[in-house]
Amino acid sequence: MVRRLPTLDEVAREAQQLFTLPAVALKLLELTNRADVAAAELRACLEQDPALTSKVLRVVNSSLFGLSRKVADLHQAVALLGVKPLKLLVLGFSLPDAMFAGVARDVLARYWKLTLTRALAARELMERIWRRGGDEALIVGLLADLGFLALVQCLGPPYVAFARRAWEAESDLVGLEQRALGYDHRQLTVRLLDQWGLPESIVAALRPCDPRTPPPDEVRILRSVLRLAELLAHVLCGERHRYERLVGLARQEHRLDREALAAVVQTLEQQVAQLADVLAVPIDALDYQRLWEDAHAHLTAVAAEAAISLAQAARREDDLVADFARQVATDVTQPERVGADSRAAPRPLPPAGELRTPPRPTTRTEQTAAAGAHCRAGAMADQPRSGVSVAVDEPVWLSHVRSAAQLCRTQRQPLALLLMALEPRDLPVPSEELLRLLAQLCDAQELPGAQCLRAGFNRLAWCLPDCDRPQAVALAQGLRRQFRENPLGRAAGPLGMGLAVASHIARNFDAAMLADAADRCLGAAQLSGGDCLKSIDL
């Protein structure tokens with residue numbers, strides 16, 4: 001008998017049985033797949049659903065669209081908006097009622113506040129920055145978290161409690177889902193939208209990026225805008241710890257300063273309240289200006305190095321993942337079949353000299369999954385079956401750190417661990433080549449006992465025996481300089497570095513604590529814009 005967690009395939013099948021688009025939305029999709037569809041046919045289809053028609057006309061007549069005159073019927077709406085914006089609105093508003101049934105009010109309120117803020121921020125950013133129509137960005141923002149609702153319905157109270165605790169701890173829910181389940185609600189969203197047959201332009205914006213196959217410009221821009229809108233929405237929902245990452249991303253990818261972001265914030269509060277009223281959905285009270293100022297003040301008050309508290313947060317996340325895994329695991333007595341699209345947590349990979357192309361990333365969280373992927377209930381690793389086991393062996397790179405720690409203890413030497421993560425970008429240089437370059441630069445230092453190992457997607461771990469903090473910082477900075485001097489490295493995105501050093505290794509020292517501290521330093525570096533080093537001496 002095997003204890004395992006439900007796979008993405010299994011949850012997607014259950015969600016497909018539970019949730020189907022309303023008949024009008026399905027008919028609309030069928031019509032719009034025809035190149036010769038007439039506006040009259042669309043109007044006739046929409047008029048079969050008076051409630052949906054009313055909702056569309058209310059939002060079209062709101063200040064969100066700024067039309068010069070009031071729209072009285074669908075004929076005028078099509079004439080003034082065009083077929084595509086109207087189609088997108090209908091798809092965005094035609095969500096299955098069953099997805100929202102029985103969801104706790106506080107969970108639903110948070111969902112809608114985040115969803116509406118992200119959707120309207122995406123539209124605003126698309127129009128302000130790229131001078132393009134923002135209707136598609138609005139709809140993608142509205143649909144992005146449908147997988148969250150599906151997991152609420154399919155996994156029930158354990159998942160709701162898991163999400164609440166993640167929010168309270170200011171943790172990344174997507175990352176914790178990856179660690180606990182081997183997939184996340186964004187992947188489930190893509191699966192649902194694919195099953196419903198939504199336009200490829202919408203699904204592609206949410207589908208994980210493959211760095212080996214650059215997407216079309218319109219998809220790349222939409223993804224970039226959505227990433228920024230997502231961070232902004234989280235900050236305006238009270239998650240102050242994301243503020244620094246938001247400002248860094250805005251500057252790097254969109255050349256926006258804090259004042260430009262503040263101008264966007266000023267427009268959102270009224271728009272979100274208005275759209276919530278149109279859709280008749282519950283949201284908490286809005287005070288975006290205060291939340292924005294609080295996030296900025298919080299950033300200036302945070303010390304540059306807070307890795308100890310970050311390591312404590314990592315342990316709490318490990319406990320949360322373990323508790324959730326135990327609650328949703330099911331008994332399986334039949335042999336399991338490998339699902340074609342099931343995902344497990346990142347596989348422990350071979351040393352730098354034996355780098356192989358890893359599985360295609362599923363989300364950005366796979367790059368920033370916790371260094372300990374080693375929780376007390378068991379680290380997550382690929383299995384030769386579809387479920388994710390609750391207790392498996394730890395990654396190879398962490399086992400090497402553990403062995404190095406034992407050796408350093410007997411020789412009374414310090415031990416340093418440097419974690420490095422490349423920010424995924426749509427670049428002509430494959431990330432695997434960049435990782436290989438980094439590994440070669442590490443090996444070229446010819447340090448006794450040092451070893452560079454793969455530590456997940458887009459990540460390397462450099463274990464440095466007999467290396468104190470000043471020496472390790474100098475090595476990391478020199479490594480970054482050599483990387484940027486190389487033509488391949490110059491083309492790369494941000495390179496985040498997290499360094500943890502154990503100056504004295506006691507008999508009961510746990511190498512996982514060193515890994516946790518290095519990972520949290522790496523997380524702090526990525527929140528600071530991604531292209532920097534954060535360090536801590538334990």
Side-chain angles (χ1 to χ4, degrees), residues 11-62 65 71-103 108 111-112 115-116 119 135-136 138-154 185 188-207 275-282:
V11 175
R13 281 196 297 269
E14 183 176 353
Q16 187 175 18
Q17 294 169 358
L18 290 174
F19 316 122
T20 57
L21 284 180
V24 167
L26 291 172
K27 180 63 176 177
L28 182 76
L29 282 171
E30 179 186 332
L31 288 173
T32 52
N33 283 334
R34 288 169 32 201
D36 60 344
V37 64
E41 291 180 274
L42 295 179
R43 292 198 305 272
C45 174
L46 294 178
E47 286 168 349
Q48 296 175 26
D49 189 335
L52 180 58
T53 299
S54 174
K55 192 179 292 185
V56 168
L57 291 178
R58 283 185 67 194
V59 75
V60 167
N61 281 315
S62 72
F65 280 83
V71 174
D73 55 35
L74 288 174
H75 177 78
Q76 291 177 311
V78 173
L80 291 172
L81 286 180
V83 171
K84 183 177 179 181
L86 190 62
K87 166 190 167 183
L88 291 172
L89 279 178
V90 171
L91 292 177
F93 295 162
S94 297
L95 301 179
D97 292 337
M99 299 194 83
F100 305 94
V103 180
L108 201 55
Y111 168 83
W112 277 118
T115 294
L116 299 185
D135 297 327
E136 197 157 46
L138 172 74
I139 300 307
V140 173
L142 278 177
L143 300 177
D145 276 344
L146 288 183
F148 169 81
L149 294 176
L151 285 177
V152 169
Q153 301 290 1
C154 294
H185 70 264
L188 184 54
T189 298
V190 170
R191 188 70 68 85
L192 280 173
L193 299 185
D194 263 335
Q195 290 171 351
W196 290 343
L198 263 69
E200 174 58 22
S201 58
I202 291 177
V203 181
L206 296 171
R207 186 176 286 123
L275 185 54
D277 179 61
V278 168
L279 298 178
V281 298

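In this chain, residues are counted from 1 in sequence order. Only heavy atoms go into these numbers, but all of them, side chains included; no hydrogens, no water, no symmetry mates.
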Legend entry - Distance (rounded to the nearest 0.5 Å) between L198 CG and T189 OG1: 11.5 Å
Legend entry - Side chain to side chain, V190 and L193, heavy atoms closer than 4.5 Å: no
Inset, instruction - May I have the step-by-step check of side chain to side chain contact (heavy atoms under 4.5 Å, CB included) for V90 and L42, ending in yes or no? - result: CA-CA 11 Å; V90 171; L42 295 179; over 6 Å; no
Inset, instruction - Quick one: closest heavy-atom pair of V71 and A77, and the distance? - result: CG1-N, 3.5 Å
Legend entry - Interatomic spacing from SG in C154 to CG in L18 - rounded to 0.5 Å: 5.5 Å
Inset, instruction - Please name all residues satisfying salt bridge (charged side-chain N to carboxylate O under 4.0 Å, His left out) with D73, sequence neighbours left out, ordered by chain then number. - result: none
Legend entry - Full working for side chain to side chain contact (heavy atoms under 4.5 Å, CB included) between L188 and V11: CA-CA 8 Å; L188 184 54; V11 175; 3.6 Å; yes
Legend entry - Reported NZ-to-CG distance for the pair K27 and L21, which is rounded to 0.5 angstrom: 15.0 Å
Legend entry - Shortest non-hydrogen contact from S94 toward A25: CB-CB, 3.6 Å
Legend entry - Verdict with supporting geometry, M99 and V152, side chain to side chain contact (heavy atoms under 4.5 Å, CB included): CA-CA 9 Å; M99 299 194 83; V152 169; over 6 Å; no
Legend entry - Non-neighbouring partners of R58 that pass salt bridge (charged side-chain N to carboxylate O under 4.0 Å, His left out), sequence neighbours left out: D277
Inset, instruction - Using the side-chain hydrogen bond (donor to acceptor under 3.5 Å, both in side chains) rule, collect all pairs that involve residues 139-152, keeping only residues at least two apart or in two chains. - result: R118-D145, D145-H185, D145-R186
Inset, instruction - First locate atom CG of L149, then atom CZ of F100, and finally report the distance between them rounded to the nearest 0.5 Å. - result: 5.5 Å
Legend entry - Shortest non-hydrogen contact between W112 and P282, atoms and distance: CB-O, 3.6 Å
Inset, instruction - Quick one: closest heavy-atom pair of R43 and L74, and the distance? - result: CD-C, 3.6 Å
Inset, instruction - Go through L95 and L143 one step at a time and tell me if the side chain to side chain contact (heavy atoms under 4.5 Å, CB included) criterion holds. - result: CA-CA 9 Å; L95 301 179; L143 300 177; 3.7 Å; yes
Inset, instruction - Over all heavy atoms of both residues, which pair between C45 and V24 is shortest? Give the atoms and the distance, please. - result: SG-O, 3.6 Å
Inset, instruction - Determine yes or no for a side-chain-to-main-chain donor-acceptor pair under 3.5 angstrom, with S62 supplying the side chain and V59 the backbone. - result: yes
Inset, instruction - Can you measure from OG (S201) to CG (L88) and round to the nearest 0.5 angstrom? - result: 7.0 Å
Legend entry - Minimum heavy-atom distance A101-Q153, with the two atoms named: O-NE2, 2.9 Å
Legend entry - Rounded distance [0.5 Å steps], CG in L151 versus CG in L146: 11.5 Å
Inset, instruction - State, with a plain yes or no, whether a side-chain heavy atom of E200 is found less than 4.5 Å away from one of R207. - result: yes
